[in-house]
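Quick notes on the structure that follows.
Here, residue 1 is the first one in the sequence, and each next residue gets the next number.
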Amino acid sequence: MKDESIDGSVASAGISRELTVRGLILGALITLIFTSANVYLGLRVGLTFATSIPAAVISMAVLRFVRGATIHENNIVQTVASAAGCIAAIIFVLPALIMVGWWQGFPFWQSFLLCAAGGMMGVVLSVPLRRALVTGSDLPYPEGVAAAEVLKVGTGTRAGAAEAQAGLRTILVGSVASMGFALFAATRLAAAEASTWFRLGGSYAATGISASLSFALLGAGHLVGLSVGLAMGLGLVIAFGIATPILSAIAATPGPAEAAALAVFGSQVRFFGAGVIGAAAIWTMGKLARPLWRGMAAAIAASKARQAEGALLPIEERDIGVGWLALIVAIVALPIVALLYHFAGQGPLAPLALPLSLGFYVYVLLMGAFVAAICGYMAGLIGSSNSPVSGLAILGVLGSALLLAVAVQPIAGAGAGPHLVAFALFVTGLVLACAVIANDNLQDLKTGQLIGATPWKQQLALMVGVIAGSAVIPPILDLLNAAYGFAPLPGTGLPTPADPLPAPQATLIAGLARGILGEGLDWGMIGMGAGTGLLLVALDAYMGRRGWLRLPPLAVGIGIYLPMAATLPVVIGALIGWRYDRRHADPVSQRMGVLLASGFIVGESLFGVLLAGLIVATGSGAPLALIGEGHEGVAMAAGTLIVVALLVGLYRWTARTAARIG
């Protein structure tokens with residue numbers, strides 16, 4: 001099969017087979033697994049994970065049985081799968097439309113086109129960002145570098161082929177263990193969470209310790225690493241060690257300590273965390289202005305040079321041309337404007353549908369570029385899994401809601417409030433789809449740079465991944481909504497499901513939109529959070545100058561505004577991963593540790609999706625329960641012991657497996 005450049009000429013410089021039909025198909029099939037896992041994980045705990053490395057391992061294990069498979073073809077497979085997996089981050093916004101009562105489900109074509117059009121715009125933005133943040137910077141891109149090493153090892157030697165097979169077994173073992181414990185917890189013979197809540201010193205001050213017994217979260221902690229894990233731990237200390245006790249003491253709420261602590265956390269502390277995230281994100285963008293400008297200039301210069309020199313640029317510098325990018329932007333503009341026009345036309349905003357659709361198309365472009373640049377920078381610094389996508393969605397909804405409040409609400413009238421809130425959320429969904437793809441793409445393009453891949457071919461593969469992932473997300477969301485549902489915001493008058501999915505970011509974003517466009521916001525808490533965010537920026541910079549371990553302010557903010565049950569296991573997982581890497585410093589063992597952690601995430605997440613199908617089929621909220629309520633203490637102890645025993649055994653098994661390969 002011939003490799004052809006974007007202008008149709010054959011690349012005869014000796015590069016191996018790269019963009020193939022079988023690679024695109026395999027990547028799309030892997031998409032179903034990882035997109036489903038990320039949708040469930042994100043709705044449960046507000047985190048998603050980068051799928052590049054497990055996708056690369058699966059690709060190498062499968063394609064080694066096919067004649068002519070190459071490292072570049074495997075790279076295309078992981079590019080498709082990782083792009084599709086990351087578009088799942090749209091769940092940080094879309095469920096908010098159900099929480100505010102505007103949607104009852106997830107209409108396929110609206111949801112699909114929102115993801116696909118926004119994601120395609122993100123691919124376009126990734127071209128100048130590649131030159132600014134990948135080739136033109138010294139950012140480490142930990143996941144991109146790791147994926148490149150996995151590809152090099154797995155396709156370069158017999159030992160590499162053996163490692164690929166062992167890596168696939170490790171993913172499967174981690175998945176089975178994770179799924180098995182989730183199944184056991186679903187029977188209620190073991191608890192899914194361990195917690196204790198208490199008052200401090202006999203006062204009204206309330207706080208506690210809570211951790212989900214979740215292999216998916218522990219695996220996510222291993223992947224994010226020690227720096228981000230400790231930063232999230234600092235956020236926990238600020239949220240539940242300082243803010244929650246003080247604010248609950250001021251509120252003097254009687255009753256159970258858990259209810260008092262969580263009420264204060266939900267109504268005040270999380271807005272404090274949103275302020276931290278917003279301040280840190282804006283500071284990051286300020287630092288990016290110059291490199292982003294240089295990247296845009298370099299992209300235009302490279303395109304002109306390519307035309308003048310007859311495509312003699314090095315393979316690894318050949319992006320999609322500026323002319324093609326302009327054409328894609330023009331094509332993608334049509335569904336974006338049509339979506340906005342259709343959404344605005346379904347309610348009180350109908351008379352303003354045309355100016356709203358055109359005006360907010362411009363907003364999507366500008367804000368999409370803004371948050372994509374921040375996400376890309378953070379992905380390069382701490383990895384795609386840790387990039388504060390949801391925090392930047394907060395900036396997106398603040399911008400759209402404020403614009404609507406100032407320019408549209410006085411014209412539309414008070415009765416248009418719910419429609420304005422829903423429109424702000426829909427616009428934010430488009431912005432987020434654009435940002436998350438640009439965020440993940442830069443990791444993939446870094447991998448490609450390190451193995452000598454062709455950027456324009458990866459960018460085409462990214463588009464395929466966007467389409468594949470966008471097709472999977474709506475039915476998965478519909479299934480999970482039917483099984484678990486989402487808790488509506490107060491005042492909507494909608495019934496609350498028995499066991500709703502938390503969807504923490506969507507809840508917060510919906511609350512922000514409603515606050516700006518009707519109910520008001522606790523700007524005092526947001527302002528204090530922003531001030532704290534600037535202090536954390538200064539602290540992080542000081543630690544960097546001293547050569548100490550960094551504490552990314554955005555990660556601290558995430559630790560503040562996510563529930564402790566979701567955050568504490570991530571911190572523990574980061575410490576476990578750090579300890580494992582110290583004891584087993586060889587690269588093979590560390591790669592196997594990453595794959596085990598990835599298996600933890602995939603197994604539990606897929607079980608959650610399967611359980612959702614069972615709940616829908618049976619009509620029972622706990623179809624696998626073998627015992628009723630009243631055994632929480634025993635179940636909590638049993639669950640904790642099982643998790644500890646499995647972790648010790650699995651990490652030891654992984655180290656032994658790596659030693660046999662090495």
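Put simply, the side chain of Val269 does not reach to within 4.5 Å of the side chain of Phe240, judged on heavy atoms. Using a 4.5 Å cut-off on side-chain heavy atoms (C-beta onward), Met525 and Leu247 make contact. With a 4.5 Å cut-off on side-chain heavy atoms, Val588 and Arg591 count as touching. Residues Thr244 and Leu262 form no side-chain contact, since every pair of their non-hydrogen atoms from C-beta on lies 4.5 Å or further apart. Looking at Leu462 and Ile437, their side chains never come closer than 4.5 Å, going by heavy atoms from C-beta outward. Considering only heavy atoms from C-beta on, Gln458 comes within 4.5 Å of Asn75 through its side chain. When side chains are defined from C-beta on, Leu575 does not count as touching Tyr580, because their heavy atoms never get closer than 4.5 Å.
Using cut-offs of 30° and 60° on the angle between ring planes, the pair Tyr651 and His222 is parallel.
The shortest non-hydrogen separation linking Ser227 to Leu551 is O-CD2, 4.1 Å. For the pair Ser589 and Ala658, the tightest heavy-atom approach, listed with the atom from each and the gap, is OG-CB, 3.3 Å. For the residue pair Ala206 and Ala260, the shortest heavy atom distance occurs at CB-CB, 4.2 Å. Minimum heavy-atom separation, Ile560 to Ala239: O-CB, 3.7 Å. When all heavy atoms of Val431 and Met367 are compared, the closest pair comes out as CG1-CG, 3.6 Å. The nearest pair of heavy atoms linking Ala216 to Ser178 is N-OG, 4.4 Å.
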Might you work through the side chain to side chain contact (heavy atoms under 4.5 Å, CB included) test for Leu230 and Trp578, ending with a clear yes or no?
-> CA-CA 11 Å; Leu230 291 181; Trp578 169 76; over 6 Å; no
Show your working on side chain to side chain contact (heavy atoms under 4.5 Å, CB included) between Val436 and Phe92 and close with a plain yes or no.
-> CA-CA 11 Å; Val436 296; Phe92 294 155; 5.9 Å; no
Step by step, work out the side chain to side chain contact (heavy atoms under 4.5 Å, CB included) result for Ile238 and Phe272.
-> CA-CA 10 Å; Ile238 293 172; Phe272 180 87; 4.0 Å; yes
Residue pair Leu536, Leu234: steps toward the side chain to side chain contact (heavy atoms under 4.5 Å, CB included) verdict = CA-CA 11 Å; Leu536 290 168; Leu234 175 59; 4.2 Å; yes
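Annotation: side-chain hydrogen bond (donor to acceptor under 3.5 Å, both in side chains) contacts of Glu193 (sequence neighbours excluded): Ser210. Listed by chain and residue number, nothing satisfies the side-chain hydrogen bond (donor to acceptor under 3.5 Å, both in side chains) test with Tyr204 (two or more places apart in sequence, or in another chain).
Atoms OG1 and CD1, on Thr35 and Ile90 in that order, are 13.0 Å from each other to the nearest 0.5 Å. Here CD1 of Ile576 is found 12.5 Å from CG of Leu226. Values are rounded to the nearest 0.5 Å. Between Ile242 atom CD1 and Leu236 atom CG the span is 11.5 Å, to the nearest 0.5 Å. Going from atom CG of Leu213 over to atom CG of Leu218 covers 8.5 Å, rounded to the nearest 0.5 Å. Thr654 contributes atom OG1, which lies 4.0 Å from atom CG of Leu596 (distance to the nearest 0.5 angstrom). The line from CZ of Arg583 to CD of Gln590 is 13.5 Å long, rounded to the nearest 0.5 Å.
Between the Arg550 side chain and the Asp540 main chain, a donor and an acceptor come within less than 3.5 Å of each other. A donor-acceptor distance shorter than 3.5 angstrom exists from the side chain of Thr640 to the backbone of Met636, with no hydrogens or angles considered.
In this structure, Ile209 places its CD1 atom where only 12 or fewer heavy-atom neighbours from other residues, nucleotides or ligands lie under 6.0 Å away.
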